[in-house]
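Beneath this line is the structure, given in structure tokens, with notes to follow.
Atom set for the values below is all heavy atoms of this structure, side chains included, hydrogens, waters and symmetry mates excluded.
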Amino acid sequence: RLFDARCTACWFTLGIVVLIVASFWSLDLQWRAFFSGEAAASMGRFIREFFPPDLSQPFLGKVAWATAETLAMSALGTLIAALLGILVALPASKVSPDDRALFKPLARFALIVLRSIPELVWALVFVRVVGLGPTAGVLAIALTYGGMLGKVYGEILESGETHATEVLLRNGAGRIQAFFYGLLPASAAELTSYTVYRWECAIRSSVVLGFVGAGGLGQQLDNSMKMFNGGEVFTMLAVFVALVALADR
């Protein structure tokens, strides 16, 4: 068995190496152009357009409102995604408190569909349905991140410490009681950590969503880039760095 496992690992490693080599060979990567002096000069001119940053009072007022909208959009989207993720993760995982597991294949397929469609596509769909604004962004984040959170939630619960759950079951507790009082508390810290990380990702995603009219700082950033106003762009990028640092903190 050990020999078979080593052979499988060797073949798997060889397959990964072949895939990497084939990727470099098949893609037309312009490394020479990227590291050329002309590319460096062009990049330098582009970066110089960011200075000085725009710190005017009217613009900072717009940025403050857009920042609040971005935080609200990302937080609400992540909250809905977490609720959706845990609701779908329970029937999809091996530790489901439901013995019948009737909905396990359907729940797993739903998680695959949700996380397979990028939030940008969901945003384009909802912009057509509800119009421009943060509603489309909230729904896009909620659906895509709901699939991601559901998958990871299921894996965390399946790999969690089961000793407390087994003790509860042996002493007469029901499966649902054992799940909520044994398994879930043991995995709470890891579940919370990953959820906060996804909130950080949602803040970054709001940039892209804003480019299709989903509101927040991203939409303001799109407007400034279309007007070739590098100072405004630099100010908003600095705000994004501060927001991600806050989420990390």
Side-chain angles (χ1 to χ4, degrees), residues 1-36 39-40 78 81-82 84-122 140-141 143-167 169 175 178-179 182-205 207-208 244 247-248:
R1 291 180 181 178
L2 181 60
F3 178 76
D4 292 339
R6 287 177 177 175
C7 287
T8 302
C10 289
W11 282 111
F12 180 78
T13 304
L14 179 62
I16 294 296
V17 171
V18 171
L19 180 62
I20 293 174
V21 173
S23 299
F24 276 97
W25 178 77
S26 61
L27 296 177
D28 186 21
L29 301 177
Q30 303 293 328
W31 294 113
R32 183 175 298 178
F34 179 76
F35 290 106
S36 66
T78 305
L84 177 63
I86 197 68
L87 287 175
V88 183
L90 289 180
S93 65
K94 298 176 182 177
V95 294
S96 171
D98 186 357
D99 280 323
R100 299 168 297 175
L102 297 177
F103 305 109
K104 184 172 294 187
L106 183 61
R108 289 186 174 180
F109 180 73
L111 290 175
I112 291 173
V113 172
L114 288 176
R115 69 177 185 270
S116 297
I117 301 176
E119 58 266 36
L120 180 61
V121 177
W122 285 120
I141 291 172
L143 290 182
T144 301
Y145 283 35
M148 296 177 181
L149 288 171
K151 180 181 185 298
V152 177
Y153 284 170
E155 293 176 351
I156 291 174
L157 292 173
E158 289 177 0
S159 61
E161 176 58 50
T162 60
H163 176 71
T165 306
E166 294 170 356
V167 171
L169 289 173
R175 288 178 60 86
F179 176 81
L183 184 60
L184 192 58
S187 305
E190 197 171 354
L191 292 171
T192 303
S193 176
Y194 186 76
T195 304
V196 173
Y197 167 71
R198 273 295 152 194
W199 174 50
E200 177 187 320
C201 295
I203 294 175
R204 294 196 300 269
S205 294
V207 182
V208 180
V244 174
D248 181 68

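- Between L149 and I86, every side-chain heavy-atom pair lies at or beyond the 4.5 Å cut-off.
- Under the rule for a side-chain contact (heavy atoms from CB on, under 4.5 Å), the partners of L14 that lie at least two apart in sequence or sit in another chain are W11, V18.
- Under the 3.5 Å distance criterion, the side-chain polar atoms of S36 are matched with a main-chain donor or acceptor of A33.
- Although no hydrogens or angles enter the test, the distance criterion places a donor-acceptor pair under 3.5 Å between the side chain of Y145 and the main chain of C201.
- Here the shortest heavy-atom pairing between A89 and G150 reads CB-O, 3.2 Å.
- Between V196 and T78, every side-chain heavy-atom pair lies at or beyond the 4.5 Å cut-off.
- Distance check, rounded to the nearest 0.5 Å: CD1 of I141 to CE of M148 gives 11.0 Å.
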If you look only at distance, which donor and acceptor atoms sit under 3.5 Å apart when one is on a side chain in residues 113-120 and the other is two or more places apart or in another chain?
residue: R115; atom: NH1; partner: L111; partner atom: O; Å: 3.4
residue: S116; atom: OG; partner: I112; partner atom: O; Å: 2.4
residue: E119; atom: OE2; partner: S205; partner atom: OG; Å: 2.9

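- One distance of note links CD1 of I203 with CZ of R198; it measures 12.5 Å at 0.5 Å rounding.
- A donor atom on one side chain and an acceptor atom on the other are found under 3.5 Å apart for T195 and Y153.
- Between L19 and S23, the shortest heavy-atom contact is O-OG, 2.7 Å.
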